[in-house]
Amino acid sequence: MAALSSMGYRTLTLEDLTEMTRSGKWPSRKSVILTFDDGFENFYIEAAPVLQEHSFTATVFLVTGKCGDFNDWSGNPADLPRSRILSWSQVKELSALGVEFGSHTVTHPDLTMLNATSRQYELSYSKKEIEDAIGKRVGSFAYPFGSLTFAVKRAVQDTYSSACSTNLGRISPPSDAYCLERLDAYYLSNLKLLEALESRWLDGYFSVRQILRDVRSVFGTRGRGITGGSN
């Protein structure tokens, strides 16, 4: 965060991006959207103070049925630590400070495995819970495990104004608003890569990394019935 700040970057929320593109505008080259999946409590304890220090905001995707509880949903890797999720009081406090909240469903299921009724419940009720808690419209969504099909994407389009995928890359004008690319932070843990964030050669680097990740996903999930990414 300190490096991004010193390089002159400013943060946007996904709603900021949606409003700008609807009006025919595009963010400056020095703009980033910081996203956090699941809504872990350590965002409140560790991340939020650092973001405030640099006048940054973020978009946090909540698993609403687990707020104030733990990340005990099915499909987690065996080595993933059991961690507490933000409470609703923490969500309200962070929202008042300018943090955007989006939906990551109610129970974090693989939406491709649900029937239409269950899928719509996960999409609509999580949205309602967040809106009731913070008193603001919720327009952003992130697909659990990065899993989506045409039917899932269509249902999300009917409920939200944008959605994040786990596809590795940078958002650009041709990007699909309901399958937005993202960069995992650890790909930029090397300062030289971070400093080259605006360089076009990085697009090729991220494309290769995405191909390798897809290959690992195919072989790593064979026989387990799980598809998609890791978020």
Side-chain angles (χ1 to χ4, degrees), residues 11-22 33-41 43-44 48 57-76 84-167 171 175-182 228-229 231:
T11 55
L12 303 173
T13 64
L14 280 169
E15 188 63 21
D16 292 333
L17 178 67
T18 299
E19 291 180 359
M20 293 177 75
T21 54
R22 280 177 176 169
I33 299 172
L34 304 174
T35 64
F36 295 78
D37 286 6
D38 303 332
F40 291 114
E41 187 182 52
F43 176 84
Y44 178 88
T57 188
T59 300
V60 178
F61 296 108
L62 289 174
V63 181
T64 59
K66 292 294 185 177
C67 283
D69 200 351
F70 291 87
N71 60 327
D72 295 328
W73 47 78
S74 62
N76 280 335
R84 186 172 288 279
I85 303 298
L86 290 166
S87 68
W88 285 114
S89 63
Q90 290 169 330
V91 168
K92 292 175 184 178
E93 182 179 343
L94 289 166
S95 177
L97 293 173
V99 173
E100 177 187 33
F101 285 96
S103 168
H104 205 34
T105 70
V106 179
T107 64
H108 203 288
D110 181 339
L111 293 174
T112 67
M113 306 298 290
L114 301 183
N115 61 38
T117 300
S118 298
R119 181 168 60 231
Q120 194 55 50
Y121 165 77
E122 292 284 344
L123 296 176
S124 299
Y125 193 65
S126 57
K127 183 177 190 291
K128 180 181 184 301
E129 284 190 296
I130 301 171
E131 290 178 338
D132 288 348
I134 65 176
K136 300 176 184 177
R137 189 184 75 85
V138 171
S140 58
F141 180 78
Y143 300 96
F145 307 108
S147 299
L148 70 152
T149 59
F150 177 81
V152 169
K153 183 180 171 186
R154 183 61 181 269
V156 171
Q157 286 176 309
D158 290 341
T159 312
Y160 297 93
S161 55
S162 65
C164 285
S165 71
T166 56
N167 295 336
I171 297 174
S175 292
D176 184 339
Y178 291 93
C179 195
L180 293 171
E181 303 88 349
R182 290 193 281 181
N231 290 331

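No experiment lies behind these values; they were computed from the predicted model shown. FYI, the numbering just counts along the sequence from 1.
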Flag, side chain of K136 to backbone of I130, donor-acceptor distance under 3.5 Å: no
Going by ring pair (Phe, Tyr, Trp, His ring centres under 6.0 Å), name the residues that satisfy it together with F40, two or more places apart in sequence or in a different chain. none
Checking Y178 now: which residues fulfil ring pair (Phe, Tyr, Trp, His ring centres under 6.0 Å) with it, not counting sequence neighbours? none
Summary of salt bridge (Lys or Arg N to Asp or Glu O under 4.0 Å) pairs that have at least one residue in residues 93-106, sequence neighbours excluded: none
Non-neighbouring partners of A177 that pass side chain to side chain contact (heavy atoms under 4.5 Å, CB included), sequence neighbours left out: none
In short, G102 meets V138 closest at the heavy-atom pair CA-CG1, 4.0 Å
Taking every non-hydrogen atom, the tightest pair across E129 and G65: OE1-N, 4.3 Å
Salt bridge (Lys or Arg N to Asp or Glu O under 4.0 Å) filter on R137, not counting sequence neighbours, yields E15
So, T35 side chain and T59 main chain: donor-acceptor pair closer than 3.5 Å or not? no
With D72 via salt bridge (Lys or Arg N to Asp or Glu O under 4.0 Å) - residues at least two apart: R82
Atom CD in E131, atom OG in S126: separation rounded to 0.5 Å? 9.5 Å
Salt bridge (Lys or Arg N to Asp or Glu O under 4.0 Å) partners for D69, two or more places apart: none
Do you know the tightest heavy-atom contact between D37 and A142? OD1-CB, 4.1 Å
Once you round to the nearest 0.5 Å, how far does NE2 of H104 lie from CD1 of I85? 9.5 Å
Would V99 and V60 satisfy side chain to side chain contact (heavy atoms under 4.5 Å, CB included), going step by step from the backbone distance to the final call? CA-CA 7 Å; V99 173; V60 178; 3.8 Å; yes
Charged N to carboxylate O below 4.0 Å: is that the case for K153 and D158? no
Ring pair (Phe, Tyr, Trp, His ring centres under 6.0 Å) partners of F141, counting only residues at least two apart: Y143, Y160
Test side chain to side chain contact (heavy atoms under 4.5 Å, CB included) on C164 and F61 and set out the steps. CA-CA 10 Å; C164 285; F61 296 108; 4.0 Å; yes
Does any non-hydrogen side-chain atom of T64 lie less than 4.5 Å from one of K128? no
Output the distance between atom NZ (K66) and atom CG (D38), rounded to the nearest 0.5 Å. 12.0 Å
CA sep, side-chain torsions, deciding dist, call: L62, V91, side chain to side chain contact (heavy atoms under 4.5 Å, CB included): CA-CA 9 Å; L62 289 174; V91 168; 3.9 Å; yes
Any idea which heavy atoms bring N167 and C179 closest together, and the distance? ND2-SG, 3.4 Å
Between CG of L86 and CZ of F101, what distance do you get to the nearest 0.5 Å? 6.0 Å
Could you grab the distance from atom OH of Y44 to atom CD of Q90, nearest 0.5 Å is fine? 5.5 Å
Kindly write out the residues that satisfy side chain to side chain contact (heavy atoms under 4.5 Å, CB included) with D16, not counting sequence neighbours, or none if the list is empty. L12, T13
Could you check if a side-chain atom of T159 sits within less than 4.5 angstrom of a side-chain atom of V156, using non-hydrogen atoms only? no
Go through the steps for E122 and L114 under the test side chain to side chain contact (heavy atoms under 4.5 Å, CB included), then give the verdict. CA-CA 10 Å; E122 292 284 344; L114 301 183; 3.9 Å; yes
Keeping the roles fixed (side chain from R119, backbone from A155), state whether a donor-acceptor pair exists under 3.5 Å. no
Donor-acceptor check, side chain of N76 to backbone of N71, threshold 3.5 angstrom: yes or no? yes
T18: which residues meet the side chain to side chain contact (heavy atoms under 4.5 Å, CB included) condition with it, sequence neighbours left out? R22, S161, S162
Looking at every heavy atom in both E181 and S175, which two are closest together, and how far apart are they? OE1-OG, 2.9 Å
Tell me, please, which residues at least two apart from W73 pass ring pair (Phe, Tyr, Trp, His ring centres under 6.0 Å). H108
Test your reading of the model: is there a side-chain donor-acceptor pair from S118 to the backbone of N115, 3.5 Å cut-off? no
Only counting residues at least two apart or in another chain, list the ones meeting salt bridge (Lys or Arg N to Asp or Glu O under 4.0 Å) with K92. none
Taking the side chain as everything from C-beta on, heavy atoms only, tell me whether P144 gets closer than 4.5 Å to L111. yes
What one should report as the nearest heavy-atom pair of A48 and L94 is CB-CD2, 3.8 Å
Judged by atom type as modelled, is there a donor-acceptor pair below 3.5 Å linking the side chain of T11 to the main-chain atoms of I33? no
